[in-house]
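Down below is the structure, laid out as structure tokens.
In this text the structure is predicted, and so the values were computed from the model without any measurement. Numbering of residues begins at 1 and proceeds along the displayed sequence.
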Amino acid sequence: MTIPNGPRWALYPLRLIPSLAVLWLAATVAAQAAEPDKALGEKVFNELSEPQCKLCHTLAAAGAEGEVGPNLDELKPTEEKIRLAVERGVGNMPPFGEVLSKEQVDAVVRYVADAIKR
């Protein structure tokens, strides 16, 4: 394709369209894939863990008002500290690393980390 009386470089933006479309599609798919993790993380926090995280911890995003463990909204632990606490336990908190699946641990860690960033 040529543009009469026009410079060749004028066509370069048109060549970017397929690449931009692929990037947009990849970002959309990635965002949709992250949603189940959020839902699973919330379910682990509120229902699946035994005892349930919400019984001990306060986390506004989950509607949790536990008073035994630390208030996660105030403590704002790093994702690494959340993971260590969930997997190995800390203080009176039992370890969940062998009780929950890796997918469940990953989901609840991301859920809490995202919730305390708000």
Side-chain angles (χ1 to χ4, degrees):
M1 178 176 176
T2 60
I3 298 176
N5 301 324
R8 287 185 60 151
W9 56 266
L11 293 177
Y12 290 143
L14 294 176
R15 293 180 183 170
L16 292 176
I17 291 173
S19 298
L20 293 174
V22 168
L23 287 173
W24 175 81
L25 182 60
T28 302
V29 169
Q32 289 173 347
E35 277 305 308
D37 290 342
K38 180 181 177 187
L40 177 59
E42 185 174 15
K43 189 169 186 169
V44 171
F45 191 91
N46 288 313
E47 300 173 29
L48 298 179
S49 57
E50 193 59 47
Q52 297 163 343
C53 305
K54 70 179 183 178
L55 296 177
C56 297
H57 295 286
T58 296
L59 184 64
E65 298 178 350
E67 296 181 5
V68 176
N71 179 328
L72 299 172
D73 294 311
E74 292 175 2
L75 185 63
K76 296 193 183 300
T78 64
E79 192 167 326
E80 180 182 344
K81 288 184 179 183
I82 298 166
R83 180 173 304 284
L84 288 172
V86 171
E87 290 177 345
R88 299 180 187 172
V90 62
N92 291 331
M93 179 177 161
F96 291 94
E98 294 185 16
V99 179
L100 298 174
S101 70
K102 181 183 181 326
E103 179 186 19
Q104 290 171 325
V105 169
D106 290 345
V108 77
V109 167
R110 278 192 298 270
Y111 174 71
V112 172
D114 289 346
I116 61 177
K117 289 179 184 175
R118 295 180 190 171

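Atom NE2 of H57 is separated from atom CD of E67 by 13.0 Å, given to the nearest 0.5 angstrom. Taking CD of E47 as the start and NZ of K54 as the end, the distance is 7.0 Å to the nearest 0.5 Å. Between atom CG of residue D114 and atom CD of residue E42 there is a gap of 12.0 Å, rounded to the nearest 0.5 Å. Atoms CD and CD1, from E87 and I82 in turn, are 12.0 Å apart once rounded to the nearest 0.5 Å. Once rounded to the nearest 0.5 Å, the distance linking CG of N46 with OH of Y111 reads 6.0 Å.
In terms of heavy atoms, F96 sits closest to P51 at CZ-O, 3.7 Å.
Under the 4.5 Å side-chain heavy-atom criterion for Ile, Leu, Val, Met, Phe, Trp and Tyr, I116 and L84 are members of distinct hydrophobic clusters.
Looking only at side-chain heavy atoms (C-beta outward), L72 and T58 stay at 4.5 Å or farther from each other. For the pair V105/V44, no side-chain contact is recorded, criterion being any heavy-atom separation below 4.5 Å from C-beta on. The side-chain heavy atoms of V68 and L55, taken from C-beta on, include no pair separated by under 4.5 Å.
In summary, of the residues considered (V112, D106, V108), a side-chain contact (heavy atoms from CB on, under 4.5 Å) with R83 occurs for D106 alone.
Partners of R110 by salt bridge (charged side-chain N to carboxylate O under 4.0 Å, His left out), not counting sequence neighbours, listed by chain and number: D37.
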